[in-house]
Trainee: 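Before anything else, here's the structure in question.
The first residue of the sequence shown is numbered 1, and numbering continues consecutively from there. Note that this is a predicted model, so its numbers are computed, not measured. Each ligand, and each atom within it, is numbered from 1 in the order the structure gives.
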Amino acid sequence: MKGHFVSFEGIDGSGKSTQARRLCDYIKKKLKRDCVMVREPGGTPEGEKIREILLDKNSKLTPESELFLFLASRSILTSRIVIPALKQGNFVIADRYSDSSLAYQGYGRGIDLEIVKNGNRIATYGIRPEIVFYIDIPVEVAMKRKNYSDRMEKEDFLKRVREGYLKLAEKYGYFKIDGTKSTEEIWKMVKAAVDDLIGGEEI
Ligand code: ADP
Ligand code: TYD
């Protein structure tokens, strides 16, 4: 059986984790295949430590040091979990992957996209998801779903990130989904795309 790799992208609160979990259940229960779910940053003991630094409000990071930490976590996750799982023919689902760095560190923090792309090339060993599900949602809607202490700053930042995602979606052919639709409607689209991806394979 062939391994598969898909990722979910979108701004915080767009509904990625909800769909990623549902897809993993579907793969396991309905398709009777192993499913490996990974989240970024994190997914390995070392990556979870890096995640703590990145999400700690007291960390005083530069945009560049932030990029390197995301890339460090990605490199460990890719070499230790993603590549071995794909070699074993598993289905790998990533709740964020390399495209998050393009949107957040590139468009959000203003780091040159070529630098982010080169970093990704090193950290992913050239691995790319076969489908990038991009869940698009207006920042105002996403912010209503989550509570932020630093609302104004977060809103401006996420607007840049969303604009970035929209440009990347055009350029790289993400599977774009309207995130204001119901969980059920979104799931139908995700399921159809995955059924298409594995169609014809013996399951
Ligand atoms: P993310 O992983 O992108 O941050 P989550 O999947 O954790 O997003 O969803 C954020 C919040 O929005 C959760 O409370 C979740 O139940 C809710 N949510 C997810 N998808 C939808 C949807 N399509 N419509 C309305 N609320 C949603
Ligand atoms: P998390 O709580 O996992 O995000 P979500 O709200 O989507 O569930 O936090 C991860 C944060 O890290 C999120 O704000 C996006 C950011 N991030 C980057 O800035 N660059 C990256 O490469 C990745 C993977 C995440």
Side-chain angles (χ1 to χ4, degrees), residues 7-25 37-44 47-57 59 61-78 81-82 93-111 113 115-124 127 129 132-151 153-162 164-165 168 176-191:
S7 68
F8 285 87
E9 293 288 348
I11 58 171
D12 317 46
S14 56
K16 299 178 299 299
S17 311
T18 304
Q19 296 298 331
R21 279 195 300 270
R22 186 136 184 202
L23 177 58
C24 198
D25 278 353
M37 265 267 277
V38 294
R39 72 161 181 182
E40 281 215 346
T44 61
E48 291 298 324
K49 284 187 195 162
I50 294 174
R51 181 185 177 88
E52 273 176 36
I53 302 174
L54 280 163
L55 300 187
D56 182 350
K57 293 210 165 27
S59 294
L61 300 172
T62 56
E64 290 75 15
S65 61
E66 196 183 74
L67 172 67
F68 290 133
L69 287 170
F70 281 116
L71 294 174
S73 168
R74 183 162 306 135
S75 158
I76 302 169
L77 183 76
T78 306
I81 312 277
V82 178
I93 301 169
D95 189 345
R96 296 193 179 281
Y97 197 59
S98 44
D99 301 277
S100 279
S101 295
L102 293 171
Y104 281 77
Q105 279 62 57
Y107 286 98
R109 300 264 186 246
I111 298 181
L113 281 178
I115 292 175
V116 183
K117 267 192 232 166
N118 283 330
N120 270 335
R121 213 167 288 144
I122 296 169
T124 62
I127 296 275
V132 176
F133 290 106
Y134 166 55
I135 307 183
D136 181 58
I137 192 172
V139 172
E140 295 76 10
V141 179
M143 291 198 62
K144 276 197 195 122
R145 293 186 189 170
K146 295 214 166 188
N147 278 328
Y148 293 110
S149 46
D150 49 347
R151 281 194 79 83
E153 195 190 319
K154 188 79 186 177
E155 190 166 342
D156 283 351
F157 176 68
L158 287 181
K159 281 190 172 154
R160 290 199 297 280
V161 174
R162 184 191 181 206
Y165 266 131
L168 293 165
K176 189 173 150 200
I177 293 172
D178 177 355
T180 62
K181 290 192 185 302
S182 72
T183 310
E184 211 49 43
E185 282 174 291
I186 296 174
W187 165 242
K188 276 189 194 143
M189 289 183 245
V190 171
K191 179 183 172 299

Trainee: Any Lys/Arg nitrogen of Arg39 or Glu48 sitting under 4.0 Å from an Asp/Glu carboxylate oxygen of the other?
Mentor: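 A salt bridge is present here (some side-chain N lies under 4.0 Å from a carboxylate O).
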
Trainee: Give the single entry among Arg145, Arg22, Lys16 that approaches atom 1 (P) of ligand 1 most closely by any heavy atom.
Mentor: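 The nearest heavy atom belongs to Lys16.
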
Trainee: Give the numbers and elements of all ligand 1 atoms closer than 4.0 Å to a heavy atom of Thr183.
Mentor: 20 (N), 21 (C), 22 (C), 23 (N)

Trainee: Measuring from non-hydrogen atoms of Lys146 to any atom of ligand 1, is the shortest distance under 4.0 Å?
Mentor: yes

Trainee: I need the contact residues for ligand 2: any residue with a non-hydrogen atom closer than 4.0 Å to the ligand, ordered by chain then number.
Mentor: Asp12, Lys16, Glu40, Pro41, Arg51, Leu55, Phe70, Arg74, Arg96, Ser100, Ser101, Tyr104, Gln105, Lys146

Trainee: What protein heavy atom sits nearest atom 2 (O) of ligand 1, and how far away is it?
Mentor: Ser17 OG, 2.5 Å

Trainee: Could you report the tightest heavy-atom contact between Leu67 and Ser101, atom names first, then the distance?
Mentor: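 Closest approach of Leu67 to Ser101, heavy atoms only: CD1-CB, 4.4 Å.
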
Trainee: Quick one: does Gly13 get within less than 4.0 Å of ligand 1, heavy atoms only?
Mentor: yes

Trainee: Using a strict 4.0 Å cut-off to heavy atoms of Gly15, name the atoms of ligand 1 that fall inside it.
Mentor: 1 (P), 3 (O), 5 (P), 6 (O), 8 (O), 9 (O), 19 (C), 20 (N)

Trainee: Could you check whether atom 13 (C) of ligand 1 has a protein contact, counting only heavy atoms that fall below 4.0 angstrom?
Mentor: no

Trainee: So which heavy atom on Ala142 is nearest to which on Asp12, and how close?
Mentor: CB-O, 3.4 Å

Trainee: Is the shortest distance from a heavy atom of Lys181 to ligand 1 less than 4.0 Å?
Mentor: yes

Trainee: According to the interplanar angle, ranging from 0 to 90°, do the rings of Tyr104 and Tyr165 count as parallel (below 30°), tilted (30 to 60°) or perpendicular (above 60°)?
Mentor: perpendicular

Trainee: Would a distance-only check, ignoring hydrogens and angles, find a side-chain to backbone donor-acceptor pair under 3.5 Å from Arg145 to Gly13?
Mentor: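 Indeed, once roles are kept as given, a pair shorter than 3.5 Å links the two residues.
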
Trainee: What atoms of ligand 1 come closer than 4.0 angstrom to any heavy atom of Ser182?
Mentor: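 Answer for ligand 1: 23 (N).
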
Trainee: Closer than 3.5 angstrom, by distance alone: can the side chain of Glu9 be matched with the main-chain N or O of Lys16 as a donor-acceptor pair?
Mentor: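 A pair under 3.5 Å: no.
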
Trainee: Could I get the full list of salt bridge (charged side-chain N to carboxylate O under 4.0 Å, His left out) partners for Arg162, not counting sequence neighbours?
Mentor: Asp136

Trainee: Does Ile137 offer a backbone N or O that forms a donor-acceptor pair with the side chain of Ser14 under 3.5 Å?
Mentor: no

Trainee: Ignoring hydrogens, what is the shortest heavy-atom contact between Leu69 and Ile53? Give both atom names and the distance.
Mentor: CD1-CG2, 4.1 Å

Trainee: Decide, yes or no, whether a salt bridge links Glu140 with Lys144 under the criterion of side-chain N to carboxylate O below 4.0 Å.
Mentor: no

Trainee: Just checking Phe68: does its CZ atom have more than 12 heavy atoms from other residues, nucleotides or ligands closer to it than 6.0 angstrom?
Mentor: no

Trainee: Considering the heavy atoms of Ile186, write down every atom of ligand 1 situated less than 4.0 Å from one of them.
Mentor: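 Near Ile186, the atoms of ligand 1 are 23 (N).
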
Trainee: Within a distance under 4.0 Å of any heavy atom of Ser14, pick out the atoms of ligand 1 and give their elements.
Mentor: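 Listed by number with element, the hits are 3 (O), 8 (O).
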
Trainee: Measure the distance from atom 19 (C) of ligand 1 to every protein heavy atom, then report the residue, atom name and distance (to 0.1 Å) of the closest one.
Mentor: Thr18 OG1, 3.5 Å

Trainee: Do Thr124 and Tyr97 have side chains that approach each other closer than 4.5 Å (heavy atoms only, starting at C-beta)?
Mentor: yes

